Amino acid sequence: MTDHPLLDIRDFSLVFDTFDGTYHAIDGVNLSLQPGEALGLVGETGCGKSVLTRAAFGLVPSPPARITGGSVQLQGRELLGLSDRALRQVRGREVAMIFQDPMTYLNPVFRVGTQLVDAIRAQSGGQTKRDEAKAIALDMLEKVQLPNPNRQFAAYPHELSGGMRQRVLIAMALAAKPKLLIADEPTTALDVTIQAQILDLMAELVADMGLTMIMISHDLGVVAQVCSRIAVMYAGKIVEDAPVARIFDAPAHPYTKGLLAALPHPFRRQDRLESIPGTLPDLLHPPAGCLFAARCPHAAPICAKPVPMRRIDDSHRVACTLYDPAREKDRADA
Amino acid sequence: MQRLILKRLGLMVVMLLGLAVITFTVANIAPGDPARLAAGPDASPDMVEKIRVERGFDRALPVRFGLYLGQLAQGDLGTSVYTGRPVAQDIAVFLPATIELVLFSILIAVVLGVPFGVLAAVWQNHLPDHAIRFLSVSGVALPMFWLGLMLQWYLSLELGLFPLGGRLGTFDDVPTTITGMISIDALLVGDLATAGTALMHMVLPATALSFPALAAIIRVNRAEMLEVLGRDYVVNARAQGIGPFRIIAIYALKNAILPTLAMIGLRFGWMLGGTVLVESVFDFPGIGLYAAKAAISSDFEPIMAVTLILGAAFMLTNLLIDLMYALLDPRVRNQI
């Protein structure tokens, strides 16, 4: 591991200006990835996982979104404030994205091959010739183990199954040999057997191409299969960040514990799965302290104050007052 | 594909029959005595009665309808009382003028409407969008004939930019009839000056005729572009680093144009109907003006013929639009 992270997001905050007021979607997120690392970003729907990774690379329309602070550095280069054109090159060449629903991420009225060739040419800034791009595309289709690449190249998206389309999208994303892959719930829309195939394929490609990856998911099981580290997001903040084994064996944040309790256990008989009571806080008027306090069994008066990320050890960070020495003192005072 | 076309053509015959029934009934229960009109103002009651029997006006409506259909089946559209010529001959003269005018109007509406819709969507809630929406609201709100009169008054009478009406000036030579569309005929024989004059004569009526269609096309295309630009495949294209022009003009527009196409087909029908008003205002000798004069003088057979021809034109256009749908959307193509 080098000292320079591939991706370094610092104090990143983003709001949406809505009719009802300012919606604080992302609040002071810090996240950094070493080259070759595979990070799982987990959290429930609406916690800001997708928005964070899209906004960092200029994919969230503004307005209504507005980045209110922080920095995003890719290999030491600041991305916030770059022109559209420059960001487009970053997206094409250095960062690749795969999305949730392969059914809707391919354009229905163009052939698969046309879309692949267009993407490959755009990724190279128009440098690649059409026939070269076609050769690359067919090569990539082979790499993602799509049966009969020549035929699929000439097919329209609706003629392909969900799994096949996701393979096409993976081929498209990886054609430019990017450094960073952002996989936004790449298997959520697929059925379980296909899910496993796609995850295997991705793990294989990530290893082969030496990719750094962020995999967004609300499924801890999926993330554990592919990633080495997990960051847990709640209501626009990262609340815990640790290696996969630590998250499963010794989760520190009550929210993470709640998420794990909600997973079915293979050896324990359970009639009902645990759930976390309550719902997400109102991000139009977020409380100053811990956003999870209202749902937290360990909530204490100190939780009403801002809660910084705290290092438990070298690889484990958590934002919770349970690990704040001041908490005991606070209790003693009270 | 061929099966679809044949099926649709078969359906067209049925629909035209329905159209004939309705028009025939309406034209006959409308006030006015066709025998009296045919006989002329000076005819004696005896002569009127004679003509009534001679032309079959005294028979029951269904019988007359049957006779009329028999006549149609032989390709005979009847005779115009007003012009005194066979209706087929009249239509051969007037229809090309209207086709020319309507095609020119459709061209204006599409060539301006589609890009305006795209621009408005891309600049949603900014100045270009506001300006374009103002234009399209005016298009929906202003009656065609009123707009025609205003254009005529201001651009023609006040500023003298365009001719007041007609297809050509009084002293212009009409080019040899090939298609009957003067601008195209003139171009075919290489007479650019006449082609230009003919186009200048069409600018005002075509503007009036195309304005409501333009408005509708803008609105549909704008709404559809807004929707499509928010779709996932647009996000993916942007994530691949594809440039905004390609995304908007190709990736998004090819999807957004589909509902716009349907709108164009519908508006084509409205335009055919609108020619009755616009051709009257601009004294443009087309089938609309012919129909208007025929209707005023209760000239029965021309009314029937014009209605059936415009109906057929509308149906054919929409068949064409459906085929274009299949051309643009592979999902539709697979179903036919």
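Throughout, a chain's letter reflects where its sequence line sits, starting with A, and its residues are numbered from 1. These numbers were taken from a predicted model, which means no experiment stands behind them.
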Q: Select one option (side chain, backbone, both, neither) describing which atoms of A/Ala96 are under 4.5 Å from chain B's heavy atoms.
A: neither

Q.
With a sphere of 6.0 Å drawn around CE of B/Met12, does it hold more than 12 non-hydrogen atoms of other residues, nucleotides or ligands?
A. yes

Q | Contacting region of B/Leu328 [heavy-atom separation from chain A under 4.5 Å] | A | backbone

No hydrogens needed, just list the donor-acceptor pairs between chain B and chain A under 3.5 Å.
| residue | atom | partner | partner atom | Å |
| --- | --- | --- | --- | --- |
| B/Asp232 | OD1 | A/Tyr105 | OH | 3.4 |
| B/Asp232 | OD2 | A/Thr104 | OG1 | 2.5 |
| B/Tyr233 | N | A/Thr104 | O | 3.2 |
| B/Asn236 | ND2 | A/Tyr105 | O | 3.2 |
| B/Arg238 | O | A/Arg91 | NE | 2.8 |
| B/Arg238 | NH2 | A/Gly58 | O | 3.3 |
| B/Gln240 | OE1 | A/Gln123 | NE2 | 3.0 |
| B/Arg246 | NE | A/Asp118 | OD2 | 3.0 |
| B/Arg246 | NH2 | A/Asp118 | OD1 | 3.0 |
| B/Arg246 | NH2 | A/Asp118 | OD2 | 2.8 |
| B/Tyr251 | O | A/Asn107 | ND2 | 3.0 |
| B/Tyr251 | OH | A/Asp118 | OD2 | 2.8 |
| B/Lys254 | NZ | A/Val109 | O | 3.1 |
| B/Asn255 | ND2 | A/Asn107 | OD1 | 2.7 |
| B/Asn334 | ND2 | A/His158 | NE2 | 3.1 |

Q. Where is the tightest heavy-atom contact between A/Ala122 and B/Ile242, given as atom of each residue plus distance?
A. CB-CG1, 3.5 Å

